[in-house]
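Accompanying notes for the structure given below.
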Protein chains: 2
Amino acid sequence: MLHDQTIGDYAAGGRHYPPAPARDQPIRLKPDETIYSEGEHARAIYQVETGAVRIYRLTPSGQRYILSFCGKGEWFGLETGNVRTDFAEAVCETSIRPFRASQNTAAPIDLLHIALTNLAKAQHKQLVITEQSALKRVAAFVFEMAERHPGAREFDMMMSRSDIADYLGLTVETVARCFTKLREKHVLCLNGKLQRIVRLLDRDALIALTV
Amino acid sequence: MLHDQTIGDYAAGGRHYPPAPARDQPIRLKPDETIYSEGEHARAIYQVETGAVRIYRLTPSGQRYILSFCGKGEWFGLETGNVRTDFAEAVCETSIRPFRASQNTAAPIDLLHIALTNLAKAQHKQLVITEQSALKRVAAFVFEMAERHPGAREFDMMMSRSDIADYLGLTVETVARCFTKLREKHVLCLNGKLQRIVRLLDRDALIALTV
DNA sequence: CGGGTGCTTGACTAGCATCAAATGTAGTGG
DNA sequence: CCACTACATTTGATGCTAGTCAAGCACCCG
C-alpha cells in the first residue's frame, strides 16, 4: 500500500518507477489563499489549471522572496525531502489539480521532466536577476508574462507591484518607476484600475531591453 | 541498443526506468580545461571525484555568469533537452567520472534525485543573490565553501576572484573589498600567494552575516 | 630586468533603496 | 450625493552601495 507515501519519499528513493497518480479532484482557490506552508508534510504535487500560483520563502529577517510564479499547465510542489521548504499561494482566482502518490492507475507522472523544467526555470531566473538594471529585469518579467498569452492583444499580469518586486529582488517603487519608463518609451500600455493589464505596443523593443 | 541514447532523451521521455549506466573511466582535467560547451550534443552526465567544476553561460553581451560550482561527489550535466545549454570547465586539477546511457549493468542512477538536488541548489542561490548587500553574498559564498570542508582548519577555495564575482553577480573589485572587510572584522584569514586559502576565525560571525 | 597575471585600493559616479507624500479608485455610511 | 477610509500605485527628494576607471602591489617566469 503506497497510499501514504509522500512525494519526498519517491524523490529520495527515486530508483523506483514513479507511482502512478490517483487523479484527485481539482481545487478552487480565492486570491491569496494558501495551498501549503513551509514545514508541512509534502503529500502531493500540483498542476495549475487556471489562474496563477506564487511559490515563496521567508528569510529569517521576515522578507518575502518569490521563487516562481506558476501559470496554466505548470507543476509545483515537488520537493527534495518530504517537508515543504516554501509556501504556495494563489495569486488570483485559481484552480489547481493535486496528484498524490497512490496505487498505479493511469499513466505515471514524469517527475524527472517536471524537476528539470523547474530547474531550467530557476537557472533562467538567476540570469535575469543578476543581469543588473531594474529596467531589464522588469522587461524580462513582462516578456515572461507575455509569453504565457501568445497572440493576445492584452493580458492581465494579475500580480501586484509588490509581488513583482519580491520576485525580481527590487522594491515596489522601483518596479513602478520601471513601468512608467516602459510606458514613456511606448513599449506598452497599462490598463485596468490596478494597472495590471498590459498591452504590448512594441514587442521588439521589449526584447531588445532584456538582452 | 541504447548506447547512443542521450541524457536528454531520457530526460524528455523519462517515463522509462532510467537506463543503468556503464561506468566509464574517470577523466583527469587541468585547470580551465573544457568539459563541454553550449550547443553540443549531451551524451553523458558527470560526477566530480576530486577538484571542482564551474557551470556557466555567456549572455548575448558576452558576460559570463556562473550558475554553479560542483565539488566532490556532486553531479552535473543533466539537461532538459539533448543539447548543452551551458559550459562546463574544470576550476583546478580535477577528476570527473562520466556516466552514459547504455545497457543495464550496475545500479541505475537516480536522475530525479540529482535534478531535485540541483534545483534546491539553484533556489538557494536565488535567495543569496537577491539578498542584497555584497558582503552578505560573499559571506554566503565563503560559508558554502567552508561547508565542503567540514572540520578543516583551512581550505582552498580554488576559485579566482573573478570566478566568485561572476558567480555572485558582483565585480572583482567589490569581491576583493568584501574579503578585506571580512579580514578587518576578524572573520577569516587569507593565505597563499593568490589569497584563496581561507582560515575561518569566527564561524558564528560569518553565519550572522549571511542572515 | 621586464612583462604578465591576479589581487587590492582609491576616487568618482550612476542607480537603486529609503523615506515621504500625492494620486486614483472602490467601498461605506451618513 | 458626499465625506471618509482603505488600498495600490505613482512620484519626488535624498543618501548609500556597488560599478567604473585607474593605479599600485606582489608574485612568477622568461
Side-chain angles (χ1 to χ4, degrees), chain A residues 30-32 54 59 61-66 91-92 128-142 156-185 188-198 209, chain B residues 30-32 54 59 61-66 91-92 128-142 156-185 188-198 209:
Chain A
K30 296 190 203 313
D32 296 320
R54 61 174 154 254
T59 65
S61 49
Q63 247 227 320
R64 182 181 72 160
Y65 178 69
I66 296 180
V91 172
C92 52
V128 169
I129 289 172
T130 52
E131 206 174 20
Q132 246 99 255
S133 153
L135 190 59
K136 278 190 178 187
R137 296 191 224 182
V138 173
F141 172 79
V142 174
D156 191 337
M157 298 190 292
M158 291 177 296
M159 298 87 185
S160 70
R161 295 290 185 268
S162 107
D163 279 336
I164 300 172
D166 290 352
Y167 179 67
L168 296 176
L170 301 169
T171 58
V172 188
E173 295 93 328
T174 303
V175 171
R177 275 184 252 268
C178 289
F179 272 113
T180 56
K181 257 183 205 157
L182 290 176
R183 248 184 300 156
E184 286 167 0
K185 287 172 183 273
L188 50 75
C189 284
L190 292 172
N191 297 314
K193 66 163 183 171
L194 294 175
Q195 301 289 89
R196 295 179 190 173
I197 295 171
V198 175
L209 281 174
Chain B
K30 296 191 202 314
D32 296 320
R54 60 173 156 256
T59 66
S61 50
Q63 246 225 322
R64 183 180 70 161
Y65 178 70
I66 296 181
V91 172
C92 52
V128 170
I129 289 172
T130 50
E131 206 173 21
Q132 246 98 251
S133 152
L135 190 58
K136 278 190 179 186
R137 298 192 222 181
V138 173
F141 173 79
V142 173
D156 191 337
M157 298 191 292
M158 291 178 295
M159 297 89 186
S160 70
R161 295 289 185 268
S162 105
D163 278 335
I164 300 171
D166 290 351
Y167 179 67
L168 296 176
L170 301 170
T171 59
V172 188
E173 296 92 328
T174 304
V175 172
R177 275 184 254 266
C178 289
F179 273 113
T180 54
K181 254 181 207 156
L182 290 176
R183 248 183 301 155
E184 287 168 359
K185 287 171 182 275
L188 49 76
C189 285
L190 292 171
N191 297 314
K193 67 164 181 171
L194 292 175
Q195 301 289 91
R196 295 181 190 173
I197 295 171
V198 175
L209 280 174

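Numbers restart at 1 for each chain; the letters A, B, ... are given by sequence-line order, proteins then strands. Bear in mind the structure is a predicted one, so any value in this text is a computation, not a measurement.
Residues from residues 163-175 of chain B that place a heavy atom under 4.0 Å from any atom of DNA chain C, listed by number: B:Glu173.
Regarding contacts with the backbone of C:dC16, every side-chain N or O of A:Arg177 stays at 4.0 angstrom or more from both OP1 and OP2. Close to D:dA8, at under 4.0 Å from its OP1 or OP2, lies no side-chain N or O of A:Ser162. Within the structure, every side-chain polar atom (N or O) of A:Arg196 is placed at least 4.0 Å from both OP1 and OP2 of D:dA8.
Checking D:dC27, D:dT10, C:dT8 against every side-chain atom of B:Lys193, the shortest atom distance belongs to D:dC27.
Where A:Arg137 and B:Leu194 meet DNA chain C, the nucleotide closest to each residue was compared, and B:Leu194 sits on the side nearer the 5' end.
More than 12 non-hydrogen atoms from other residues, nucleotides or ligands lie less than 6.0 angstrom from NZ of A:Lys136.
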Hey, mind stepping through B:Phe179 and B:Val142 against side chain to side chain contact (heavy atoms under 4.5 Å, CB included) and telling me if it holds? CA-CA 10 Å; B:Phe179 273 113; B:Val142 173; 3.8 Å; yes
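A distance of 10.5 Å separates CG of B:Leu170 from CG of B:Leu135, quoted to the nearest 0.5 Å.
Taking 4.0 Å as the cut-off between side-chain N and carboxylate O, A:Asp163 and A:Arg196 do not count as a salt-bridged pair. Between A:Asp166 and A:Arg161 there is no salt bridge, since no side-chain nitrogen of the basic residue lies less than 4.0 Å from a carboxylate oxygen of the acidic one.
The separation between A:Asp32 atom CG and D:dC7 atom P is 13 Å, rounded to whole Å.
Annotation: cation-pi geometry not satisfied between A:Arg54 and A:Tyr167 (NZ/CZ under 6.0 angstrom from ring centroid, within 45° of ring axis).
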